[in-house]
Amino acid sequence: MSQRSERRGIHVDQSELLCKKGCGYYGNAAWQGLCSKCWREEYQRARQRQIQEDWALAEKLQREEEAAYVSSHGSSQTQPPQSHSQHSLATFSKFEEKKTNEKTRKVTTVKKFFSPSSRTAPKKVPPEKESEKREKEKEEKLQGRRESHGENLLRDLKGIFTQPWEMASPTEALVSRLRESHEGKTPSPSITRQSSIETDRVSQDFVEFLKTLQKPGREIHKQSRGFIESMGNKKDLSAEELSECVQDFYQGMSDRLLNHFKGSSEKVDRVMDQVEKYIMTRLYKSVFCPETSDDEKKDLATQNRIRALHWVTIQMLCVPVDEEIPEVSDSVVKAITDIIEMDSKRVPRDKLACITSCSKHIFNAIRVTKNEPASADDFLPTLIYIVLKANPPRLQSNIQYITRFCNPSRLMTGEDGYYFTNLCCAIAFIEKLDGQSLNLSSEDFERYMSGQASPRRQDDTAPWPQSGTRVDPALSQIHHNLKLLSSLEKRQQQVIEGAQNLQTELAEWQDSVAREVQEILERYPLEIKPRASAIDAENVENDRLPPPLQPQVFAG
């Protein structure tokens with residue numbers, strides 16, 4: 001099979017990495033193939049259409065309220081007081097009348113409770129004046145409800161589609177938070193939460209950096225702190241709305257810096273890097289994998305998918321890397337370490353730096369293996385292989401975090417944007433991986449995915465690893481260990497068989513000894529003779545005999 005046909009499932013044309021609008025910047029799968037600039041333009045247009053539709057709906061509701069009020073007011077003026085109730089029953093349904101009367105009763109009760117006249121004795125009013133007064137009060141209530149409904153609707157629309165920092169100044173936001181705490185409401189976690197050591201260090205570094213800018217530094221610090229405080233009150237926003245708030249702040253800050261530095265993009269980028277580091281370090285816990293998103297669910301799905309693809313070998317992906325070479329093996333380990341370390345970073349720029357470092361190690365491994373510069377066709381399969389080996393934690397959350405809150409200029413151009421776009425392509429390839437991409441039949445692919453078979457054991461008779469093939473040294477060690485375990489199992493079986501034979505021989509030897517002893521006893525029976533008695537054994541009166549004579553020595 002040719003090399004070209006082997007790469008048919010992994011090869012990605014470089015033009016596919018660019019924005020679908022043809023602007024020349026790198027696109028992103030999270031933005032439907034668009035770059036951040038084109039995506040924001042599309043998002044703003046869709047948002048404006050939504051705003052116009054909501055305003056049109058609000059005006060329509062207001063006109064309907066006015067028409068209902070005019071019709072009810074006109075009917076009340078033309079009809080005599082006696083027939084007013086009958087005409088109302090003919091005009092409105094019982095449900096509407098009941099609802100209106102209930103609202104009127106509640107409002108009237110509250111007004112009477114707080115009005116000064118409720119604390120004094122009521123004055124007697126003639127029936128005619130009382131009827132006129134009741135009609136006038138009813139007219140004022142209908143007018144007030146109509147105006148209140150329209151104002152509330154417009155105010156709600158303004159609150160939904162106005163940016164957080166445009167709603168109120170930092171001082172007003174602080175006053176509102178103090179008022180809420182006085183009323184017994186729970187304060188924002190961003191106010192009560194103790195800053196971590198890293199947050200304090202970043203804040204101190206940010207202040208030291210802004211001191212070098214003097215007057216604009218104070219304004220930047222003031223706006224950044226105000227933005228962070230305003231974001232503390234927007235916990236219920238969706239992830240896309242939080243991203244829009246941050247990106248709008250980046251855009252406004254960048255425009256003001258361009259005017260101040262008179263178009264010096266290098267200085268603007270340097271300041272924006274520090275602003276991004278300060279803001280995202282402070283907001284990390286509230287915007288990374290927010291509760292309003294499904295990032296955590298996507299993380300679990302991707303992790304399970306990569307875990308199910310553990311059987312994919314380096315040959316299936318046509319990865320031009322020889323891990324038998326020490327330098328290549330070290331580069332692969334460093335690449336895996338970098339992409340795993342991405343999860344420990346808080347700033348989107350630092351996460352991008354981990355992806356860039358990982359990609360550079362991959363290029364180095366390919367260059368050492370092939371003794372020539374690596375191409376894009378070699379890089380993407382190797383990146384897929386690294387992702388499958390590493391199975392980075394919270395991969396989708398990190399990708400979404402970078403996409404939403406990174407400075408858009410970094411994702412649109414430069415090596416950071418190129419490597420990040422390739423990583424998104426690698427993840428998309430893993431999610432859509434099938435048998436055709438790996439040059440496997442659909443039956444084999446399903447068997448490998450279900451765990452019924454493994455490509456490493458499909459040919460046990462052939463020597464493994466085969467000569468002329470590049471294999472993972474870890475897999476080679478595993479195969480060597482399996483061989484050792486097999487030989488040890490055979491030796492253990494031999495020892496067990498020898499022990500069983502020895503036990504059998506011992507039992508037979510014991511039986512043979514017992515038989516020989518029995519034969520000897522039968523051949524030479526044992527005769528027990530009586531014991532010989534003493535001479536005077538039969539003398540029963542020994543105790544009456546005199547004692548024996550003892551020799552005596554006489555002196556001569």
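For this chain, numbers begin at 1 and follow the sequence in order.
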If you compare all heavy atoms of T292 against all heavy atoms of D236, which two are closest, and at what distance to 0.1 Å?
CG2-O, 4.1 Å
Main-chain N/O of C354 paired to S357 side chain as donor or acceptor, under 3.5 Å
no
I'd like to know if the side chain of T212 and the backbone of F209 have a donor-acceptor N/O pair within less than 3.5 Å.
yes
Is there side-chain contact between K345 and N398, with at least one heavy-atom pair below 4.5 Å?
no
Can you tell me how far apart NE2 (H310) and OG (S454) are? Round to the nearest 0.5 Å.
7.0 Å
Considering all heavy atoms of both residues, which atom of F445 and which atom of L438 are nearest to each other, and what is their separation?
CE1-CD1, 4.3 Å
Considering only NZ, NE, NH1 and NH2 on the basic side and carboxylate oxygens on the acidic side, decide whether E291 and K235 come within less than 4.0 Å.
no
Please indicate whether Q204 has more than 12 foreign heavy atoms, meaning atoms of other residues, nucleotides or ligands, lying under 6.0 Å from its CD.
no
Determine whether the aromatic ring centres of F405 and F288 lie less than 6.0 Å apart.
no
Residues H221, R218; criterion side-chain contact (heavy atoms from CB on, under 4.5 Å); working and verdict
CA-CA 5 Å; H221 187 263; R218 291 191 293 270; 5.8 Å; no
Between atom SG of C358 and atom CE of M342, what is the distance when rounded to the nearest 0.5 Å?
8.5 Å
Distance (rounded to the nearest 0.5 Å) between F249 CZ and S254 OG:
11.0 Å
So do the side chains of D434 and S437 get within less than 4.5 Å of each other, counting heavy atoms only?
yes
Between L388 and L317, is there a side-chain heavy-atom distance shorter than 4.5 Å?
yes
Does the side chain of Q274 come within less than 4.5 Å of L210's, by heavy atoms?
no
Could you tell me whether a side-chain N or O of N481 sits under 3.5 Å from a main-chain N or O of Q477, the two making a donor and an acceptor?
yes
Is there a donor-acceptor contact under 3.5 Å from the side chain of T281 to the main chain of T199?
no
Can you name the nearest heavy-atom pair linking A239 to S293, along with the distance?
CB-CB, 4.1 Å
Give the minimum heavy-atom separation between L242 and K234, together with the two atoms involved.
CD2-O, 3.5 Å
Going from SG on C406 to CG on D350, what distance comes out if it is rounded to the nearest 0.5 angstrom?
10.0 Å
Could you measure the distance from the CZ atom of R367 to the CD atom of E327? Nearest 0.5 Å is fine.
6.5 Å
Note, C245 side chain near M231 side chain (heavy atom, < 4.5 Å)
yes
With a sphere of 6.0 Å drawn around CD of E296, does it hold more than 12 non-hydrogen atoms of other residues, nucleotides or ligands?
no
Give a yes-or-no answer on whether the side chains of R256 and N259 include a donor-acceptor pair shorter than 3.5 Å.
no
side-chain contact (heavy atoms from CB on, under 4.5 Å) between D273 and R410: does it pass, once the steps are laid out?
CA-CA 10 Å; D273 288 343; R410 288 187 171 274; 3.0 Å; yes
From I279 atom CD1 to R225 atom CZ, the distance as rounded to the nearest 0.5 Å
12.0 Å
Over 60° means perpendicular and under 30° means parallel, so classify the ring planes of W311 and Y448, tilted if in between.
tilted
N-O pairing of D378 and K370 below 4.0 Å:
yes
Test side-chain contact (heavy atoms from CB on, under 4.5 Å) on M253 and V271; report intermediate values, then the result.
CA-CA 10 Å; M253 179 67 71; V271 175; 5.9 Å; no
How about I399 and F420: do any of their side-chain heavy atoms sit closer than 4.5 Å?
yes
Decide yes or no on side-chain contact (heavy atoms from CB on, under 4.5 Å) for R346 and K285, but give the supporting numbers first.
CA-CA 9 Å; R346 289 191 171 191; K285 290 187 176 181; 3.9 Å; yes
Could you check whether any side-chain N or O of Q400 sits under 3.5 Å from a backbone N or O of D295, counting only pairs where one atom can act as donor and the other as acceptor?
no
Is I339 close to L423 at the side-chain level, that is, under 4.5 Å between some pair of heavy atoms?
yes
Using a distance-only test with no angle check, is there a side-chain donor-acceptor pair under 3.5 angstrom linking Q223 and E219?
yes
Without swapping roles, check the side chain of T302 against the backbone of D299 for a donor-acceptor pair under 3.5 Å.
no
Can you name the nearest heavy-atom pair linking T382 to I362, along with the distance?
CG2-CG2, 3.5 Å
Does a side chain donor of either S203 or D200 reach within less than 3.5 Å of an acceptor in the other side chain?
no
Between R305 (side chain) and I430 (backbone), is there a donor-acceptor pair under 3.5 Å?
yes
Closest heavy-atom contact between E323 and S329?
O-CB, 3.5 Å
Has the side chain of S224 got a donor or acceptor atom that lies under 3.5 Å from a matching backbone atom of I220?
yes
More than 12 non-hydrogen atoms from neighbouring residues, nucleotides or ligands closer than 6.0 Å to CD on E372, yes or no?
yes
Do T356 and D416 have side-chain atoms, one donor and one acceptor, less than 3.5 Å apart?
yes
Just wondering, do K267 and L257 contact through their side chains at under 4.5 Å, heavy atoms?
no
Sequence-distant partners of F206, ring-ring contact (aromatic ring centres under 6.0 Å, His included), two or more places apart
Y278
